[in-house]
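To keep things clear, I will list the structure first and then write my remarks on it.
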Amino acid sequence: MRIGLKDCEWERAGNDLILVCDPSRSVKLDDPDGQVETLLTALRNHPGTLTELRAALAADGLEVSVDELTGALNALDQLRLVRDLERFADRAQAGRDFSNLAFFELYASLENSESDMQQGVRNAHVLQLGTGGLGSNVLQNLAGLGVGRLTLVDNDEVEPRNLARQFLYREADLGTSKVHRAAEWVRAFHSDITVDAVRRWIGGPGDIVDLLPGVDLVVSGVDQGERIDNWVNEVCVRAGVPWVRGGMIGSQLIYFSVDPGRSACYECRIHAYGDGKGVQASVLAPTAVTAQQLSARIPRVNRANGPSAALIGSLVAFEALRYLTGYEPPYAAGAEVLVDLSGGCHQRREPWPRNADCALCTGARARTALTPA
């Protein structure tokens with residue numbers, strides 16, 4: 001491993017160093033004796049192995065042991081300030097991956113480089129249930145990220161009302177199969193992606209389970225079938241495959257994910273809150289019970305327009321990216337994230353209590369992280 005400094009700038013302010021690597025934030029490092037600045041300078045001007053870095057520091061008058069240098073480098077790595085030059089991606093040669101690598105660099109560490117993250121995406125197989133309002137927007141993001149294999153499932157045809165929020169489709173596609181048109185779009189957009197189109201109505205767990213072998217992540221945007229989330233949860237948790245769900249309820253966007261064996265699952269949520277879209281009626285105030293009952297009598301209307309579908313699609317794609325790359329922990333694992341469209345798109349996260357007696361979680365196969373080939 002040859003360790004160097006990421007693109008950073010710093011200035012001294014008394015006993016502190018003010019350092020910027022990510023332009024959106026700064027880091028203050030305590031450095032009364034100047035040793036941190038000496039190390040940063042060595043990492044910038046003389047990157048190398050531990051032995052080479054120790055020699056460079058000694059030439060500048062700073063003698064450190066292997067353990068001391070290792071500890072200092074680990075601290076800088078925790079702040080995402082250093083990189084392994086042997087695994088550093090040259091973005092100038094990256095082609096269509098340039099922007100992805102530039103994003104990953106912000107989160108890259110000595111253990112998980114930007115190249116590792118991009119390769120993890122390339123190695124991934126994502127099963128996407130639904131290519132409608134949520135699915136079509138997620139799909140465009142996954143294709144842009146370069147997910148290596150996509151299996152798409154949908155049973156609908158393109159209708160005029162879809163065109164307000166499903167930008168994969170054109171007027172010429174009206175009356176055609178959504179899933180086959182979506183697969184054609186992926187092939188035209190990114191020829192390196194393997195894509196399979198499955199036209200299928202999901203009527204139970206059996207319609208999903210045969211698609212899971214080899215899948216690393218499931219994204220669900222299917223809203224037909226009252227127990228669709230139960231079915232997806234059941235087969236994914238049993239198989240140890242994480243899944244992400246997104247949608248819209250009234251003026252709120254919502255997404256959540258399940259990390260089998262690590263987070264609460266959807267059955268844990270039902271155990272805690274019931275099978276409605278909120279807490280159990282038994283723990284609600286009378287006025288809240290009335291509101292819930294009245295809401296259930298309102299005809300269901302898909303109110304997602306272009307901006308709302310694009311926003312929830314992007315948030316779901318970000319959550320998928322967390323699972324595929326580990327650039328940060330899954331934010332919505334075992335929790336609902338609600339986005340209030342009538343409140344400036346304010347977000348709030350509501351964790352689910354994990355049920356210690358959940359039969360699904362007890363027998364869950366924990367997922368394994370993707371590794372570069």
Side-chain angles (χ1 to χ4, degrees), residues 1-10 19-25 27 29 36 38-57 64-126 141-149 190 192-194 216-217 242 317-330 367-373:
M1 182 182 292
R2 296 184 64 250
I3 304 172
L5 191 67
K6 292 183 181 180
D7 294 333
C8 298
E9 293 294 334
W10 67 84
L19 185 146
V20 172
C21 185
D22 176 348
S24 68
R25 63 193 66 186
V27 176
L29 302 177
V36 175
T38 300
L39 175 56
L40 293 175
T41 302
L43 287 166
R44 170 183 281 176
N45 298 335
H46 307 288
T49 64
L50 285 176
T51 300
E52 292 167 342
L53 286 170
R54 286 184 69 209
L57 291 170
V64 295
S65 68
V66 171
D67 288 344
E68 288 172 330
L69 180 56
T70 299
L73 291 173
N74 286 339
L76 293 178
D77 189 38
Q78 289 294 316
L79 295 171
R80 299 297 186 258
L81 299 178
V82 291
R83 59 165 61 115
D84 179 2
L85 295 180
E86 293 179 352
R87 293 151 63 206
F88 172 63
D90 182 0
R91 292 199 299 273
Q93 307 296 323
R96 70 188 304 152
D97 290 334
F98 180 96
S99 295
N100 293 331
L101 291 169
F103 174 85
F104 293 143
E105 185 184 5
L106 294 171
Y107 303 90
S109 65
L110 296 179
E111 181 180 354
N112 190 17
S113 72
E114 58 265 51
S115 296
D116 295 334
M117 296 184 205
Q118 187 63 59
Q119 192 61 51
V121 173
R122 290 196 193 102
N123 293 344
H125 180 187
V126 175
N141 283 287
L142 296 180
L145 291 166
V147 171
R149 182 177 177 187
H190 200 322
D192 291 339
I193 296 176
T194 300
D216 301 297
L217 177 74
F318 263 120
E319 185 74 352
L321 190 61
R322 295 181 182 106
Y323 281 103
L324 299 180
T325 66
Y327 84 88
E328 68 176 8
R367 67 179 173 92
T368 54
L370 293 177
T371 55

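Since the model is a prediction, treat every value here as computed from it, not as a measurement. Any value given below was found using the heavy atoms of this structure, including those in side chains, with hydrogens, waters and symmetry copies removed.
A donor-acceptor pair under 3.5 Å links the side-chain atoms of Arg54 to the main chain of Val64, judged by distance alone. Arg87 contributes a side-chain N or O that, together with a main-chain N or O of Leu110, makes up a donor-acceptor pair within less than 3.5 Å. At least one donor-acceptor pair under 3.5 Å links the side chain of Gln118 to the backbone N or O of Leu145. Judged purely by atom type and a 3.5 angstrom limit, Asp216 uses its side chain to pair as donor or acceptor with the backbone of His125.
Residue Pro330 comes nearest to Glu319 through the heavy atom pair CB-OE2, 3.5 Å, listed as atom of the first residue, atom of the second, then distance. Closest heavy-atom contact between Val20 and Arg25: CG1-O, 3.9 Å. Across all their heavy atoms, Asn112 and Met117 have their closest contact at O-CE, 3.4 Å. Here the closest heavy-atom approach between residue Leu53 and residue Ala42 is recorded as CD2-O, 4.3 Å. Taking all atoms of both residues into account, the shortest heavy-atom contact from Leu5 to Leu81 is CD1-O, 3.4 Å. The heavy-atom pair separating Lys6 from Glu105 by the smallest distance is NZ-O, 2.6 Å.
Residues Ser113 and Asp116 have side chains that bring a donor and an acceptor to within less than 3.5 angstrom of each other. Using a 3.5 Å distance cut-off with no hydrogens or angles, the side chains of Ser65 and Asp67 do not pair a donor with an acceptor.
Here the straight-line distance linking atom OG of Ser109 with atom CZ of Arg83 works out to 12.5 Å at 0.5 Å rounding. Summarising the geometry, atom CD1 belonging to Ile3 is positioned 9.5 Å from atom CD belonging to Glu86; distances are rounded to the nearest 0.5 Å. To the nearest 0.5 angstrom, Thr41 atom OG1 is 9.0 Å from His46 atom NE2. To the nearest 0.5 angstrom, Leu106 atom CG is 11.5 Å from Leu101 atom CG. Distance OG1/Thr49 to CE/Met1: 11.0 Å, rounded to 0.5 Å. A distance of 11.5 Å separates CG in Asp84 from CD in Glu111, rounded to the nearest 0.5 Å.
Residues passing the ring-ring contact (aromatic ring centres under 6.0 Å, His included) test with Phe318, sequence neighbours excluded: none. For Val36, the side chain to side chain contact (heavy atoms under 4.5 Å, CB included) partners at least two apart in sequence or on another chain are Leu17, Leu29, Asp31, Leu40.
Enclosure of atom CD in Glu328 by more than 12 non-hydrogen atoms of other residues, nucleotides or ligands within 6.0 angstrom is indicated.
Put simply, the side chain of Val27 does not reach to within 4.5 Å of the side chain of Asp22, judged on heavy atoms. Taking 4.5 Å as the limit, some side-chain heavy atom of Leu76 sits within range of a side-chain heavy atom of Leu43. Looking at heavy atoms from C-beta onward, Thr325 lies in side-chain contact with Val121 at the 4.5 angstrom threshold.
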Run Val147 and Ile193 through side chain to side chain contact (heavy atoms under 4.5 Å, CB included) and show every step you take. CA-CA 7 Å; Val147 171; Ile193 296 176; 5.5 Å; no
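Ion pairing of Arg122 with Asp97 is present here, as a side-chain N (NZ or NE/NH1/NH2) and a carboxylate O approach within less than 4.0 Å.
Note: Tyr327 and Tyr107 have perpendicular aromatic rings, judged against thresholds of 30 and 60 degrees for the angle between ring planes.
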